[in-house]
Amino acid sequence: MNITQVTGNNLATNDGDNMRKAFLKKIKSMLETQKGEIEQRLESNMKHGDIDDSGDDTDAVQARILALAAKQLADRDQLNIKKIAGALQRINENRYGICATCEEEIEENRLIAIPSICQCISCSEKAELVRKRGF
């Protein structure tokens with residue numbers, strides 16, 4: 001006996017719920033993997049991030065440039081961890097995949113490409129225009 005015989009006309013709803021749960025499980029796994037990779041990278045960079053400016057002036061300048069670049073990457077990684085934490089929270093609160101601005105559904109392909117995203121394409125484009133124009 002299959003599900004159709006057992007549940008009758010609720011098959012579409014059950015299939016949709018099961019697909020949604022499987023999708024969220026996949027996304028959650030992706031987010032947790034990304035978070036782990038970022039945390040590992042941050043930890044590794046902290047261990048090996050000492051500046052060696054014992055050489056000449058050129059070496060010291062290069063070391064400072066590398067340290068600045070490492071700090072900028074670390075800041076970006078920290079921001080990405082916050083975005084991932086927000087996405088995981090939205091999953092737990094059953095709000096994942098809903099645009100934070102217009103409250104429309106975000107396309108699954110967009111969520112797979114950028115699992116921590118919280119805006120649909122339209123709202124992201126509008127926000128980017130505003131940011132670029134400085135309004």
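As the structure is a computational prediction, the values presented were derived from the model and not from experiment.
With hydrogens and angles disregarded, no donor-acceptor distance shorter than 3.5 Å links the side chain of R95 to the backbone of A100. A distance-only check finds a donor-acceptor pair linking the side chain of T33 to the backbone of S29 [under 3.5 Å].
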Item to check | Evaluation steps, salt bridge (charged side-chain N to carboxylate O under 4.0 Å, His left out), between E32 and K35 | outcome: CA-CA 5 Å; E32 289 170 345; K35 183 179 177 191; over 6 Å; no
Item to check | Worked verdict on E128 versus K132 for side-chain contact (heavy atoms from CB on, under 4.5 Å) | outcome: CA-CA 6 Å; E128 183 67 16; K132 283 182 178 180; 3.2 Å; yes
Next on the checklist: Run C120 and C102 through side-chain contact (heavy atoms from CB on, under 4.5 Å) and show every step you take.
Outcome noted: CA-CA 8 Å; C120 66; C102 70; 3.8 Å; yes
Checklist entry - Can you list the steps and then say if Y96 with I106 is a side-chain contact (heavy atoms from CB on, under 4.5 Å)? => result CA-CA 9 Å; Y96 184 79; I106 300 171; over 6 Å; no
Checklist entry - Would V130 and K126 satisfy side-chain contact (heavy atoms from CB on, under 4.5 Å), going step by step from the backbone distance to the final call? => result CA-CA 6 Å; V130 168; K126 289 175 189 174; 5.6 Å; no
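Residues N92 and K28 form a side-chain contact, since some pair of their non-hydrogen atoms from C-beta on lies under 4.5 Å apart.
Open room surrounds CD on E103; 12 or fewer heavy atoms of other groups in view lie less than 6.0 Å from it. Taking a 6.0 Å sphere around CD of E105, one finds it holds 12 or fewer heavy atoms contributed by other residues, nucleotides or ligands.
Of all heavy-atom pairs spanning R110 and Q119, the tightest one is NE-O, 3.0 Å. Residue I27 comes nearest to P115 through the heavy atom pair CG2-CB, 4.2 Å, listed as atom of the first residue, atom of the second, then distance. Summarising the geometry of A87 relative to S116, their closest heavy-atom pair is CB-CA, 3.8 Å, with the distance given to 0.1 Å.
I114 contributes atom CD1, which lies 8.5 Å from atom NZ of K83 (distance to the nearest 0.5 angstrom). In this structure, CD1 on I98 lies 12.0 Å from SG on C118, to the nearest 0.5 angstrom. Atom CD1 of I91 is separated from atom CG of L31 by 5.0 Å, given to the nearest 0.5 angstrom. Between atom CG of residue L73 and atom CG of residue L42 there is a gap of 9.5 Å, rounded to the nearest 0.5 Å. Annotation: the span from N80 atom CG to E37 atom CD amounts to 11.5 Å, rounded to 0.5 Å. Separating the CD atom in Q62 from the CG atom in D56 is a distance of 8.5 Å, to the nearest 0.5 Å.
Classification of K71 and D75 as a salt-bridged pair holds, one side-chain N sitting under 4.0 Å from a carboxylate O.
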